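Report on the following structure.
Residue numbers begin at 1 in each chain, while the letters A, B, ... track the order of the sequences. Everything numeric here is computed off the predicted structure, so don't read it as measured data.
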Amino acid sequence: MTKTAHDFAKASAKALGDRQSRAILHKAIGHIRVLRQRSVNAMPDFAERQARAVAVRDKTLAKLPELLEKLEASVTAAGGRVHYAETAETAAKLVAGILAERGVRLVVKGKSMVSEEMGLNEVLEAAGIEAVETDLGEYIIQLAGQRPSHILAPALHVSKEQVSDLFARKFGRTSTDIPEMTRIARDSLRQKFLAADAGITGCNIAIAETGTVTVLENEGNIRLSGSCPPIHIALMTLEKVVETLADAAVVLDILPPAATGQTLPVHLSFFTGARREGERDGPREMHLVILDNGRSDILADPKLRSILRCIRCGACLNVCPVYQSVGGHAYGTVYPGPMGSVISPLLKDNPGDPRQPFACTHCAACSEACPAGIDHPALLQELRRRVSETETDLPVAAFNLLARHPLLFGGAAAVGRLFDPKLREVAAVAPDAPVGRFLRCREFPGLARPFSRRFKALARRLKRLQGGRA
Amino acid sequence: MEAFLFIPCLVEHVLPQVGEATTAVLVRAGLTPVLPKGQTCCGQFAYKRGRADLVRPLARRFVEIFQDAPVVVCPSGSCTAMVRRYPSLFAKDDPFREQAAQVAAKTFELGQFLVERLGLTDLGARWDLTAALHGSCQTTRVLGAGSATEALLAKVAGLTLVPLARPERCCGFGGAFSIDYPEASEAIVAEKIDDIVASGAEAVITAEPSCLLNIASAMAKRDLPIKALHLAEVLAGEGI
C-alpha cells in the first residue's frame, strides 16, 4: 500500500482543538452511559448472561469453518446465495457486480459497519449506483459528507442544531424539534424505500442451522431495507455466525443492554432466505456476503483470537477516556476506541496508525465494560509487543539499563536533581521534547532527596515514638 | 513481624513523603518496616511499551531482593500489579516462574495489606478534611484493592469524603501516554480536575503515586488550592 500511515497523535490533537465537537461528544456519551448503567443495574443476572455469552462466542470461534459451511448450506436451502470475499475491496466489487448485473440504479442501506469497512458507498457511486443510508444517524452523516464516529451511533458527534442547519440546506425545511426533524428525514427516505431496486443491510448475528440473518435496530429502516426492495444483500464478517437459534438468544441477552441500555431493541428482525413460492412479500433474491479481511488470520492467532468475540455493542468506546476525549474520527479507521485499536491494525485494508495500540492509558475500563469478556488491555499489550519488536525504543532501553544497576539508577537521579531547575526551562524552549510534552499541562514536580536516604533516621524516630506510646 | 518495603522509583525520587508515610503507617500497625537495598524500578514502564523482554531481568532482580521477605508492602497499586504479573512473563517450564509466583503472592499494595492481610481498618488516624477519592484504575480495576482503600478512609476521624463525579474514570496519565499523546492526556486530566473542583473537596486522595503526581502537578499548573494526598499520608495523619 502506498498510502502513508495515519497519525493518531496528530489527528487527536487536532480533534481536541475543536471545543464544540468535544462538548457534543461529552454530552452524548454521558447519556449512553447512564442508559447502559440503568439497564445493567436492573438486570441482577447480567454476570450470568455475560458468562453464557462468552461461552457461546468461544464455542462458535472454535468451530467457525464448520459453522460457516453450515450457514452457507442453510442460506442456500432457504433460497439465498452466499458469497465469500477475502478483502474489503473484493467484497465491495462483488456487491457492485451483483447490483450492476441486475441493472440496479438505487439502493437503500440499513446501517452496516461492514459496508463502511468495504468502502462500499464510494464503489457504488463509481459504478453509477445511488446508495442511500436509511439509519437516521447514518443518513445525517451521508448528507454531511462525513464518516461515522461511533460504531453504533454514527452521528454521535453531531448536535441537534447542526442537523437542523444541514436539513435546511438539503431539504429547505427545518426545525430543532427532534420529532419534526425525524419527519423531514422520513419524508425523504420513504420515497427511497419505495423506489429502491435493492436493499443492503448488515448482520448482527447469522444463525447457521436456519440460515437466518438477525438484525437489531430502533428505527425500522433495516427491516424495510431487507424486506421492501426486490433484492436483499446482507453483509457480515465471518465471526458473526452462531450455531443455533438458542445460541443467538444468548447473544441477544447481552447485546441490547450493553449497547443502548435496552432489554430488547424496538425492532428485532430475522431474515431467512428469499421469498418462497406462494409468499406475497419479501425480496425475490437474497445474497449473503461474508467478509474475511484478515479475520481468518486473527482466528488462527491464539494470542489475539478473543477479539473475534466482539459483538459490536460499543460499550468499550463509551467508557474509554481516550475515545471520549478525542472522538471516533481521530482514529482514521472504521472501528475506533478500544475494540478498534485492537482489530484495526489486524485488518488488511485501512489498518490505521500502526502505533494505535499505544494510545491507551491502561485504565481497563474497556475490559470491565465488555459483555463478551474481551481483555482489551492484554490484547493491546500483545500488539504493542509486536510493534516494539520492529523498532528500537531508546528511552525504554536506556531507562531499563539504568534500572538494572542501582548505582547508575541512583546516580542518574542525582544528576537529574542537579539539573532540576533547568528542566523547567528545557520545557519552555523545547515543548516537543519529552519533558516539554509532559509539562504541557503540568508544573514540574521536581526530584527530591531520595526516600532511601531518609529511611534509617525516620524508622528510628518512629520506633522511639511507638515505644513511648506503648 | 517485619514488612519489607517495596518503594516505587517514583516515590523514591519524586514523592519520598509517600514512602515516609507508608513507613509510619506500618509502624503504627505494629510492624517493623525493612528497606532492602538495591531497589530500582519494577519494569512497568518497559512492560507497557510492549517490552516484556526488558522486564525479565528487572523481575529477576526484584525476586532476588525480596525472596526472603515475610511480606512485601508497596504504596502503589500499579507497581504491585506489575509484580503480580511477573510469573506470566516466564515460560511455564522455567523454574524461575515458581519463584516469581511466590514473591508475587506475598506482595501487597499498602491498603490491601492492611485490610486483607492484617484485618485492620482503623489505624487511629485523624485529619480534619473534606476530600474526594480518586480510585486509580490500576488499584481498583487491575489489582482489585479499591474496597480496601475505601474501608481505611472510612475510619479516619475528621475526614469527610465527598463523592466525585465519574469516580471510576482514568486521570489520563498512563505513563508514557502522557508524553506520547500530551493533548489527549491534558484533556483527560482536565476533566478529572474539573470533577474534583466541582466536588467542593479541599483535597483529593489516591492510593496511586502516578495518579497523585499527575493530578497534583496539573492542579499546580492551574494554581488550585486543593491538596493531593496519598492514602498513606492520610493514614499517617497530620504531621508525622
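- Looking at B:Thr40 and A:Arg404, their side chains never come closer than 4.5 Å, going by heavy atoms from C-beta outward.
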Can B:Glu186 and A:Arg442 be said to form a side chain to side chain contact (heavy atoms under 4.5 Å, CB included), step by step?
CA-CA 9 Å; B:Glu186 176 182 22; A:Arg442 300 173 185 92; over 6 Å; no
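- For a residue to count as touching a neighbouring chain, one of its non-hydrogen atoms must lie under 4.5 Å from one of that chain's; by this rule A:Leu383 does not touch chain B.
- For B:Ala52, no part lies near chain A; criterion is any non-hydrogen pair under 4.5 Å.
- Between chain A and the options B:Ala218, B:Cys171, B:Pro33, the largest number of non-hydrogen pairs under 4.5 Å is found for B:Ala218.
- Taking CZ from B:Arg222 and CD from A:Glu443, the interatomic distance works out to 13.0 Å, rounded to the nearest 0.5 Å.
- A:Cys441 and B:Lys221 get closest at one heavy-atom pair: O-CB, 3.6 Å.
- Both the backbone and the side chain of B:Leu35 come within contact range of chain A, judged by heavy atoms closer than 4.5 Å.
- Under a 4.0 Å N-O distance rule, the pair A:Arg33/B:Glu168 qualifies as a salt bridge.
- Heavy atoms of B:Asn214 lying under 4.5 Å from chain A belong to its backbone as well as its side chain.
- With a 4.5 angstrom heavy-atom cutoff, B:Thr140 does not touch chain A via any of its atoms.
- In the displayed structure, A:His31 atom NE2 is contacted under 6.0 Å by at most 12 heavy atoms of other residues, nucleotides or ligands.
- In this structure, chain A has a heavy atom under 4.5 Å from the side chain of B:Leu5, while its backbone stays farther away.
- Checked against the 6.0 Å centroid threshold, B:Phe177 and A:Phe358 do not count as a close aromatic pair.
- Atom-to-atom distance recorded for A:Asn400:CG and B:Arg49:CZ is 11.0 Å, nearest 0.5 angstrom.
- Residues A:Phe438 and B:Ser178 share a closest heavy-atom pair of CD1-OG, 3.6 Å.
- Residue contact with chain A, scored on non-hydrogen atoms closer than 4.5 Å, involves the side chain of B:Arg169 exclusively.
- For the pair B:Lys48 and A:Arg384, the tightest heavy-atom approach, listed with the atom from each and the gap, is O-CD, 3.1 Å.
- Judged by distance alone, with hydrogens and angles left aside, the side-chain atoms of B:Glu12 form a donor-acceptor pair with the main-chain N or O of A:Ser452 at under 3.5 Å.
- Residue B:Arg141 holds its CZ atom at 8.5 Å from SG of A:Cys366, rounded to the nearest 0.5 Å.
- For the residue pair B:Thr23 and A:Arg454, no side-chain donor N or O sits within less than 3.5 Å of a side-chain acceptor on the partner.
- In this structure, the side chain of B:Gln138 does not engage the main chain of A:Ala364 through any donor-acceptor pair within 3.5 Å.
- The part of A:Leu16 that comes within reach of chain B is its side chain, from C-beta onward, which places non-hydrogen atoms under 4.5 angstrom from that chain.
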Full working for side chain to side chain contact (heavy atoms under 4.5 Å, CB included) between B:Cys137 and A:Thr361:
CA-CA 9 Å; B:Cys137 308; A:Thr361 66; 5.8 Å; no
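- For the pair B:Cys9/A:Phe409, a side-chain contact is recorded, criterion being any heavy-atom separation below 4.5 Å from C-beta on.
- Taking CZ of A:Arg449 as the start and NE2 of B:His13 as the end, the distance is 13.0 Å to the nearest 0.5 Å.
- Only the side chain of A:Arg417 comes within contact range of chain B, judged by heavy atoms closer than 4.5 Å.
- Both the backbone and the side chain of B:Val27 have a heavy atom closer than 4.5 Å to some heavy atom of chain A.
- Contact annotation for A:Val322: both backbone and side-chain heavy atoms come within less than 4.5 Å of a heavy atom of chain B.
- Closest of all the heavy-atom pairs between B:Glu191 and A:Ser325 is OE2-OG, 4.2 Å.
- If you measure heavy-atom distances from B:Ile7 to chain A, the contacts under 4.5 Å come from the side chain alone.
- Here the straight-line distance linking atom NZ of A:Lys463 with atom OG1 of B:Thr32 works out to 3.5 Å at 0.5 Å rounding.
- Using a 4.5 Å cut-off between heavy atoms, B:Val189 contacts chain A through its side chain alone, with no backbone atom that close.
- For the residue pair A:Ser12/B:Glu183, the side-chain donor-acceptor check at 3.5 Å is not satisfied.
- Using a distance-only test at 3.5 Å, with no hydrogens or angles considered, a donor-acceptor pair links the side chain of A:Ser388 to the main chain of B:Gly50.
- In terms of non-hydrogen atom pairs under 4.5 Å with chain A, the most contact-rich of B:Arg60, B:Lys37, B:Gln39, B:Arg166 is B:Arg166.
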Before giving the answer on side chain to side chain contact (heavy atoms under 4.5 Å, CB included), spell out for B:Cys41 and A:Phe399 the whole-Å C-alpha distance, their side-chain angles and the decisive distance to 0.1 Å.
CA-CA 9 Å; B:Cys41 164; A:Phe399 183 82; 3.4 Å; yes
Walk me through whether B:Tyr181 and A:Val326 qualify under side chain to side chain contact (heavy atoms under 4.5 Å, CB included).
CA-CA 11 Å; B:Tyr181 304 96; A:Val326 307; over 6 Å; no
